[in-house]
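The next block holds one structure in the form of structure tokens; read it before the comments.
The figures that follow rest on heavy atoms only: side chains count, while hydrogens, waters and symmetry mates do not. As the structure is a prediction and not an experimental result, all values here were calculated from the model.
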Amino acid sequence: MNTAKHERVLVIDFGGQYNQLVARRVRECNVYCEIYSYRTPLEEIRGMNPKGIILTGGPDSVYAENAASCSPELFSLGVPVLGLCYGAQLMMQVLGGRVERAPEREYGKTEVIIDKAGSPLFEGIDSPTVCWMSHNDYISQAAPGFEITAHTGNCPVAAAENAGRNLYAIQFHPEVLHTEHGFEMLRHFVMDVCGCSGDWRMDDFAESMIAELKKKIGSGKVLCGLSGGVDSSVAAVLLSKAVGKNLTCVFVDHGLLRKSEGDMVEEVFGPDGPYDLNFVRVNAQDRFYIKLAGVQEPERKRKIIGEEFIRVFEDEAKKIGHVDYLVQGTIYPDVVESGLGGESAVIKSHHNVGGLPDYVDFREIIEPLRDLFKDEVRQVGLRLGIPEKLVMRQPFPGPGLGIRIIGDVTAEKVKMVQDADAIFREEMERAGINGEASQYYAALTNVRSVGVMGDERTYDYAIALRSVNTVDFMTADVTEIPYSVLKTVMNRIINEVDHVNRVFYDITSKPPATIELE
Ligand code: GLN
């Protein structure tokens, strides 16, 4: 996608945990935004001609040796800069203020008193306002030329600005939802201070991407691996609209999908569906079960599933012969988490971002969604007319039920967890809480215990139910499912699923737990 014609705001990443969120919030203002490491040379930054720059939080202390830093010239580009947390501390230190260890660290929701109601960032926001703090150091003295615009009980400089130079520093995190008016503050920066008009809209993304793909691919042959997930589905539809029958989609059913999921994918992309493409479904369940037999360790399971996936795909690709282009449903967070943008460690090594897998004979890789966040991909999907149940699907891990079955995976266990999960889903929908919960599923614990059924002693498995409410999946709370619903689910699972004699409901939040189990 040619993003160069759009206004852009750059997020300079100092390694903080909420950095993708900052970029997403900017995108929510309809402004294109990319994340770059703090190591990016100043010349490169200038060359991108940004409308604004946001410096993120980070784990270092600005005064420590080898701390992540930036050139003082960053603040003299004539481009508005907003520093958040570490970014704010760095701005102050670089420009002659003072940062030191705070006598008392602040963590969590904190009341912030606004000292300058007329600050462009705080326009229309009443004081005091609740903000999310997470810092050990603090700005003890703002840099010369800066005016203190907010403080807290423990923090003399919670915000400061040099409005003449368009430099703004905020000690708290406006990007997290716990900061009540955080989005408004970011919006004020992006729209009012940077003067962006908001020209990044998903409305024309689909149309211009299809036109671009058409032009690029011409009559070339394209191969797409389809998982049925949101990203690869949207990528496939874009390509099918661009090249029609020159696209072949290979869908590998690894036997670790939710109940009826394979059929749902086939309904949409198969010969009876609305799209004109070549669809190949590979029922590879047995291959995966054989490879997984007896394997207990989650990371090993992931690896095996990932590798076998490639092998199956490779076998199919060989049957198709030469292709010109290989499509991947890479999205922007994959790019960032693969260590290409920003500072985050390599989290998802299986994404192959930027690299070319060598198992298929092809010319080039196409990643039509690599600039988009998930919510943007969903908007594109809806615009393309992909069924809502597919586009709005809950996150589902690549290794599928393989990591929702603790311990070794067998066909029998997969069936148990599929059936229990289907029951849970049905009852959540019946009770009308499916919309409130962000992600829910049944998993199979590796715990067996004694029970009694029909006067007979049993020694069977326990199913764990998990349901969380979250907006960004970075933190999550348990869904408060009414007991009556939980009891119905429990009763049905015990009655309808063989070899289950207990049902647990996991009430742990994230953190400390994660949303998935393995
Ligand atoms: N490491 C810095 C501190 O402890 C900044 C923290 C942050 O950016 N969240 O104050």
Side-chain angles (χ1 to χ4, degrees), residues 17-25 27-28 107-110 130-134 172-184 186 229-231 258 261 331 333 347 373-379 381-382 388-398 400-401 403-404 406 417 420-445 463-490 492-493 503-518:
Q17 55 178 325
Y18 305 122
N19 297 347
Q20 282 197 35
L21 267 185
V22 179
R24 259 191 54 187
R25 297 277 176 268
R27 295 274 187 102
E28 282 165 31
Y107 184 80
K109 289 185 184 174
T110 309
V130 174
C131 297
W132 184 258
M133 286 285 194
S134 170
F172 50 88
H173 289 274
E175 68 276 23
V176 305
L177 290 166
H178 302 295
T179 297
E180 256 169 27
H181 297 286
F183 181 54
E184 283 159 76
L186 283 173
V230 182
D231 308 336
R258 285 169 288 199
E261 207 164 23
I331 68 173
I347 300 171
F373 281 102
K374 194 77 161 193
D375 45 326
E376 295 174 320
V377 174
R378 290 204 160 110
Q379 285 176 49
L382 290 176
E388 199 170 319
K389 65 173 185 210
L390 233 168
V391 174
M392 300 315 268
R393 267 173 41 144
Q394 296 179 7
F396 187 61
L401 299 181
I403 57 164
R404 288 183 183 172
I406 298 177
V417 78
D421 186 70
I423 291 169
F424 188 28
R425 278 171 199 283
E426 247 174 69
E427 293 303 328
M428 288 290 273
E429 275 161 40
R430 203 194 307 271
I433 18 188
N434 55 315
E436 173 208 335
S438 318
Q439 186 177 347
Y440 54 90
Y441 62 86
L444 186 67
T445 70
I463 283 281
L465 306 175
R466 179 108 172 107
S467 178
V468 295
N469 296 7
T470 172
V471 175
D472 49 32
F473 292 89
M474 300 209 179
T475 61
D477 278 327
V478 64
T479 312
E480 294 192 15
I481 302 176
Y483 258 92
S484 56
V485 178
L486 285 172
K487 278 190 189 164
T488 308
V489 177
M490 176 275 292
R492 284 196 56 196
I493 292 179
V503 176
F504 298 134
Y505 185 45
D506 181 351
I507 59 166
T508 327
S509 61
K510 171 185 179 180
T514 51
I515 296 174
E516 295 287 345
L517 293 189
E518 283 199 335

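To the nearest 0.5 Å, atom CZ of residue Arg378 and atom CZ of residue Arg393 are 9.5 Å apart. Interatomic distance, CZ of Phe424 versus OH of Tyr441, reported as 10.0 Å (0.5 Å rounding). Here the CD-OG distance, from Glu427 to Ser484, works out to 10.0 Å after rounding to the nearest 0.5 Å. With rounding to the nearest 0.5 Å, the separation of OH in Tyr483 from OG1 in Thr488 is 13.5 Å. Note that OH of Tyr18 and OG1 of Thr179 are 9.0 Å apart. Values are rounded to the nearest 0.5 Å. Interatomic distance, Ser467 OG to Ile507 CD1, rounded to the nearest 0.5 Å: 13.0 Å.
The backbone N or O of Ala442 sits less than 3.5 Å from a side-chain atom of Asp421, completing a donor-acceptor pair. Side-chain atoms of Glu429 never come within 3.5 Å of backbone atoms of Glu426 as a donor-acceptor pair (strictly under, hydrogens ignored).
Closest heavy-atom contact between Asp477 and Ser509: OD1-CB, 4.0 Å. Nearest heavy atom pair, residue Thr445 against residue Ala464, reads CG2-CB, 3.8 Å. For the residue pair Ser438 and Pro395, the shortest heavy atom distance occurs at O-CD, 4.5 Å. Of all the heavy atoms in Ile331 and Val377, the pair that sits closest is CG2-CG2, 3.8 Å.
In this structure the side chain of Cys131 never reaches within 4.5 angstrom of the side chain of Lys109, judged on heavy atoms. Residues Phe396 and Leu401 meet the side-chain proximity criterion, which asks for heavy atoms closer than 4.5 Å. At least one side-chain heavy atom of Leu465 sits less than 4.5 Å from a side-chain heavy atom of Val489. Put simply, the side chain of Met490 does not reach to within 4.5 Å of the side chain of Tyr505, judged on heavy atoms. Considering only heavy atoms from C-beta on, Pro174 stays 4.5 Å or farther from Phe183 through its side chain. Residues Val176 and Leu21 are in side-chain contact: their nearest non-hydrogen atoms beyond the backbone lie under 4.5 Å apart. Looking at heavy atoms from C-beta onward, Tyr107 lies in side-chain contact with Trp132 at the 4.5 angstrom threshold. Residues Gln439 and Thr470 have side chains not in contact (no heavy-atom distance under 4.5 Å, counting atoms from C-beta outward).
If you check the side chains of Thr479 and Asn469, you find a donor sitting under 3.5 Å from an acceptor.
Within a 6.0 Å sphere centred on CD of Glu436, other residues, nucleotides and ligands contribute more than 12 heavy atoms. Annotation: Glu388, atom CD; neighbour count of heavy atoms from other residues, nucleotides and ligands within 6.0 Å does not exceed 12.
A salt bridge links Asp231 with Lys374: at least one charged nitrogen is closer than 4.0 Å to a carboxylate oxygen. For the pair Lys510 and Glu516, the salt-bridge criterion is not met [side-chain N within less than 4.0 Å of a carboxylate O]. By the 4.0 Å N-to-carboxylate-O rule, Arg404 lies too far from Glu518 to be salt-bridged with it. In this structure, Asp506 pairs ionically with Arg466, as a charged nitrogen and a carboxylate oxygen lie closer than 4.0 Å. Taking a cutoff of 4.0 Å between a charged side-chain nitrogen and a carboxylate oxygen, Arg24 and Glu28 qualify as a salt bridge.
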Yes or no on side-chain contact (heavy atoms from CB on, under 4.5 Å) for Ile433 and Ile481, after CA distance, side-chain angles and deciding distance?
CA-CA 8 Å; Ile433 18 188; Ile481 302 176; 3.9 Å; yes
Kindly determine whether His173 and His178 satisfy side-chain contact (heavy atoms from CB on, under 4.5 Å), including the steps that lead there.
CA-CA 9 Å; His173 289 274; His178 302 295; over 6 Å; no
Test side-chain contact (heavy atoms from CB on, under 4.5 Å) on Leu444 and Ile406; report intermediate values, then the result.
CA-CA 6 Å; Leu444 186 67; Ile406 298 177; over 6 Å; no
For Val130 and Phe172, run side-chain contact (heavy atoms from CB on, under 4.5 Å): C-alpha distance rounded to whole Å, both residues' side-chain angles, the deciding distance at 0.1 Å, then the answer.
CA-CA 10 Å; Val130 174; Phe172 50 88; over 6 Å; no
